[in-house]
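Here the structure comes first, spelled out in structure tokens, and everything after it is commentary.
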2 protein chains.
Amino acid sequence: MIVEAKMTYRFSKQREAVMAVLDKKNYHPTVDEIYDMVKKQYAQVSLATIYRNVEQLSQMGKIWKIEIPEGPARYDGNMEKHYHIRCTKCGNVNDVWFKGNMNKIINLKNIEKKFSITGYRIEFEGICDSCNNKTH
Amino acid sequence: MIVEAKMTYRFSKQREAVMAVLDKKNYHPTVDEIYDMVKKQYAQVSLATIYRNVEQLSQMGKIWKIEIPEGPARYDGNMEKHYHIRCTKCGNVNDVWFKGNMNKIINLKNIEKKFSITGYRIEFEGICDSCNNKTH
DNA sequence: TTACCTGCAAACCGTTTGCCTAGCA
DNA sequence: TGCTAGGCAAACGGTTTGCAGGTAA
């Protein structure tokens, strides 16, 4: 028998600092990058604390975890519905604001149902401006 | 200046065995699972060999690597164009045969262009039959 | 005063690499 | 004979965990 763990959150200055780092549009730092930022304010902070806090914050629905295949996850403090595009050269992630309702466009009813489909994950790929403009 | 490395492949029974494992429809094993299969035939085979071979085969365009967020990659020997759905309970991956042209449905022209978009990755999520039917 | 939260270090897991031998072409 | 592929073990990168002390409520 599984017993739901009761979980209460309490304030911590470190978690506030993580939130503050993520309070910026079109910014999708990795844990390491968040760590470096938070360290400026709390030199003693540990990497594990950052990991624990981003996990908690994303479970609380306050931030969004962006899974990156073959690389560190990135986090996004902007909870408005949008998508992401990743530069296949430098790895940077940018916001994609799709005009229209993606749920209408990807009509799950058109897909064969041996599963009950609960969602989808879509991620765009491309080359960003700064990589495009680089001579090499 | 970057010099393209010249690469020639040569036959190996281990790589044949990996291909043989993947020659089955709607089967998406991890490296560990492939390893276990190949070991039945070649007890001495090493995990590194499986990794090197799946990497090579997918570069040769003979198999497809399915990136799984937070988990081991899976491989698919079926190169016909299709999509995947992953059970969020048990992690199993199944094929999704989408009726229609996904490229028409996801019209990249509708998306703002600060990037040059080269592609997208879409992965469905759901609960598979066997997980649905499990009492718990 | 209770439990959550922290810092530290060690462990973890999937994957890659260095080294040296085996074996295809 | 030259160069790719293999086996083994160690290293790697991102992430999680155990523990003991710190701190919010």
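In what follows, chains are A, B, ... by sequence order, proteins preceding strands, each numbered from 1. Only heavy atoms go into these numbers, but all of them, side chains included; no hydrogens, no water, no symmetry mates.
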Original post:
CG of B:Leu47 versus P of D:dC12: gap in Å, rounded?
Top reply: 19 Å
Original post:
Are B:Trp64 and B:Val93 grouped together when hydrophobic residues (ILVMFWY) are joined by side-chain heavy atoms under 4.5 angstrom apart?
Top reply: no
Subject >> Options C:dT15, D:dT15, C:dT6, nucleotide nearest the side-chain atoms of A:Val31 >> reply: D:dT15
Original post:
Counting side-chain heavy atoms from CB outward, which of D:dT16, D:dT4, D:dA5 is closest to B:Gln56?
Top reply: D:dA5
**OP:** Give the nucleotide from the list D:dG6, D:dT15, C:dG7 with an atom nearest to the side chain of A:Gln14.
**Re:** C:dG7
**OP:** Please figure out whether B:Tyr9 or B:Gln44 has its closest DNA chain D nucleotide nearer the 5' end.
**Re:** B:Tyr9
**OP:** Calculate the interatomic distance between A:Glu67 atom CD and C:dG14 atom P; express it in whole Å.
**Re:** 15 Å
Original post:
Between B:Ala48 and A:Ala48, which has a closest nucleotide on DNA chain C that is more 5'?
Top reply: A:Ala48
Subject >> Nearest-Å distance for atom pair NZ/P, residues B:Lys65 and C:dG14 >> reply: 14 Å
Subject >> Donor-acceptor pair, side chain of B:Arg15 and main chain of B:Arg10, under 3.5 angstrom >> reply: yes
Original post:
Is there a donor on the side chain of A:Arg10 or the base of C:dA3 sitting less than 3.5 Å from an acceptor on the other?
Top reply: yes
**OP:** May I have the distance from B:Lys13 (atom NZ) to C:dA25 (atom P), rounded to whole angstrom?
**Re:** 13 Å
Subject >> Among C:dC8, D:dA24, C:dT6, the nucleotide that comes nearest once only the side chain of A:Ser46 is considered >> reply: C:dC8
Subject >> Gap between atoms CD and C1', on A:Glu16 and C:dC4 respectively (whole Å) >> reply: 16 Å
Subject >> Reference residue B:His28; test side-chain hydrogen bond (donor to acceptor under 3.5 Å, both in side chains); the match among B:Asn78, B:Asn92, B:Asn94, B:Asp95 >> reply: B:Asp95
**OP:** Give the rounded distance in Å between these two atoms: CD of A:Glu70 and C1' of D:dC12.
**Re:** 14 Å
Original post:
Counting only N and O atoms by type, is there a donor-acceptor contact under 3.5 Å from the side chain of B:Gln41 to the main-chain atoms of B:Val38?
Top reply: no
Original post:
Are B:Leu22 and B:Ile50 grouped together when hydrophobic residues (ILVMFWY) are joined by side-chain heavy atoms under 4.5 angstrom apart?
Top reply: yes
Original post:
Across the strands shown, which category fits B:Tyr51 at heavy-atom distances under 4.0 angstrom: base, sugar-phosphate, nothing?
Top reply: base
**OP:** Just compare D:dG7, D:dG14, C:dT15 and give me whichever is closest to any side-chain atom of B:Thr49.
**Re:** D:dG7
**OP:** Would you kindly check whether a donor in the side chain of A:Arg52 faces an acceptor in the base of C:dG7, or vice versa, at under 3.5 angstrom?
**Re:** yes
**OP:** Rounded off to whole Å, could you give me the CD1-to-C1' distance for the A:Ile66 and D:dT15 pair?
**Re:** 18 Å
Original post:
For B:Ile50 and D:dG7, what is the distance between atoms CD1 and P respectively, to the nearest whole Å?
Top reply: 8 Å
Original post:
Under 4.0 Å between a side-chain N or O of B:Ser12 and OP1 or OP2 of D:dG6?
Top reply: yes
